[in-house]
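See structure below.
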Amino acid sequence: MADTATKTSSGSERENAPVNIIMIGMAGSGKTTLMQRINAYLHERKTPPYVLNLDPAVSKLPFQANIDIRDTVDYKQVMKEYNLGPNGGILTSLNLFTTKLDQVMQIVDKRAATTKYFLYDTPGQIEIFTWSASGAIITNSVAATYPTVVVYVVDTPRTANPATFMSNMMYACSILYKTQLPFLVAFNKTDVVSHDFAVSWMNDFEEFQKALMRQEEGYMNSLMNSMSLVLDEFYAHLRVAGVSAMTGQGIDGLFEKIDEAVDEYYETYRPHLQKQIEKKREEEREKKADDLKRLLKDLSVSEGKEVDI
Ligand SMILES: Nc1nc2c(ncn2[C@@H]2O[C@H](COP(=O)(O)OP(=O)(O)OP(=O)(O)O)[C@@H](O)[C@H]2O)c(=O)[nH]1
């Protein structure tokens, strides 16, 4: 009975809550083009998204961003001022932007009642976002407010080699581990090469082994064999969609997977987040009680001292 009540309330909440989509991917994988495609797709469906650009180094955006990191920080100026190279400049710009994140989240909050999707484009230098403190602060803040899905964009034609494929999947796995958020892989550029080979390699270990045998020999072969066995568990729970940001093929399927990932947010991520918040509160309560106990003890000791004097 309690279960039903929870499901009913979360059902209506799920319908009304917006969804954050964080686009992550290696340079040139097609994040920005996919953002543009999704933007156009959602406009067609009369649910225009709210777009946030977190890439300070992008020179031209093919769409209008509602919030643009470049309006807050000038990446080239940051490089000059702090005497940094391009990657240091991007990281510092992201850090400076993160200091204003509260204001950004307030704007997002105001928009949440009338917006179904918030889209976040991230820097092509993937590690700057996924492994930096500011990247973690941004993803955690975003995910703490509304259902959030990470879309990992893969350049399919460039991943057709088994060794490259596996490296890319290990990277995807590490991002999942780092963000712990509902996650899906969007195999992009399927107008050039279909992602069928990837699906077959993920579903059938022997198929991947066969492809591997054709390419690698000796030590590399056995190392990659072992690593692909490790990835088997990752593949078993992985959501995958094949898309072409260029032609728009597969975007409906991508949104079906995003929907499934939102379900996962409610079923797994949010209860975990709530447990963490409750645990933190409990720790704070215990610390306060402990502090109070010590204060009372100190007081009684001082009172005792006064009496002694
Ligand atoms: N054929 C084809 N080309 C694509 C597709 N998506 C993107 N491209 C091309 O791939 C190149 C890189 O696309 P971007 O969208 O700039 O990639 P990005 O990941 O945002 O790149 P960074 O900003 O460097 O991180 C461009 O030349 C795009 O035109 C696609 O679905 N099919």
Side-chain angles (χ1 to χ4, degrees), residues 21-44 49 51-71 73-76 78-79 85-94 97 118-132 134-135 138-139 149-161 164-165 167-169 171-172 174-175 179 183-199 240-255 257-258:
I21 301 176
I22 304 178
M23 208 73 76
I24 293 179
M26 305 223 179
S29 57
K31 294 178 297 297
T32 307
T33 315
L34 188 56
M35 283 275 286
Q36 183 190 16
R37 174 60 62 186
I38 291 177
N39 192 18
Y41 175 89
L42 291 173
H43 268 98
E44 263 171 36
V51 182
L52 296 94
N53 172 44
L54 303 180
D55 185 354
V58 69
S59 52
K60 233 198 240 163
L61 275 184
F63 48 81
Q64 181 71 38
N66 300 90
I67 293 180
D68 196 328
I69 186 171
R70 295 174 304 170
D71 296 336
V73 277
D74 179 346
Y75 144 80
K76 289 206 171 131
V78 168
M79 272 171 70
N87 287 344
I90 296 173
L91 178 60
T92 306
S93 301
L94 200 63
F97 179 79
F118 289 90
L119 309 179
Y120 297 77
D121 196 7
T122 63
Q125 288 73 357
I126 195 167
E127 69 286 358
I128 291 178
F129 189 77
T130 52
W131 293 97
S132 67
S134 43
I138 294 170
T139 33
V149 178
V150 171
V151 175
Y152 181 67
V153 186
V154 170
D155 185 331
T156 314
R158 282 208 204 145
T159 314
N161 172 292
T164 321
F165 176 78
S167 309
N168 213 332
M169 289 302 103
Y171 212 105
S174 74
I175 293 170
T179 62
F183 186 87
L184 74 93
V185 175
F187 282 100
N188 190 29
K189 309 193 186 180
T190 51
D191 55 300
V192 181
V193 172
S194 157
H195 71 304
D196 289 350
F197 73 89
V199 173
V240 167
V243 291
S244 166
M246 195 74 99
T247 65
Q249 136 200 338
I251 302 294
D252 280 326
L254 177 73
F255 270 88
K257 298 290 171 182
I258 289 174

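Start at 1 and go down the list; that is how both ligands and their atoms are numbered.
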As an exercise, state the distance from OG1 of Thr139 to CD1 of Ile24, rounded to the nearest 0.5 Å.
7.0 Å

List for me each residue that meets ring pair (Phe, Tyr, Trp, His ring centres under 6.0 Å) alongside Phe118, sequence neighbours excluded, and say none if there are none.
Tyr50

I'd like to know if the side chain of Lys31 and the backbone of Met26 have a donor-acceptor N/O pair within less than 3.5 Å.
yes

Minimal heavy-atom distance between Ala172 and Phe183, with the atoms involved, is O-CZ, 3.4 Å

Given Leu184, which partner from the list Val240, Ile21, Leu254, Val150 fulfils the side chain to side chain contact (heavy atoms under 4.5 Å, CB included) test?
Leu254

Ile69 side chain reached by Leu94 side chain, heavy atoms, under 4.5 Å:
yes

Under a 4.0 Å heavy-atom cut-off, which residues neighbour ligand 1?
Met26, Ala27, Gly28, Ser29, Gly30, Lys31, Thr32, Thr33, Gly124, Asn188, Lys189, Asp191, Val192, Ser244, Ala245, Met246

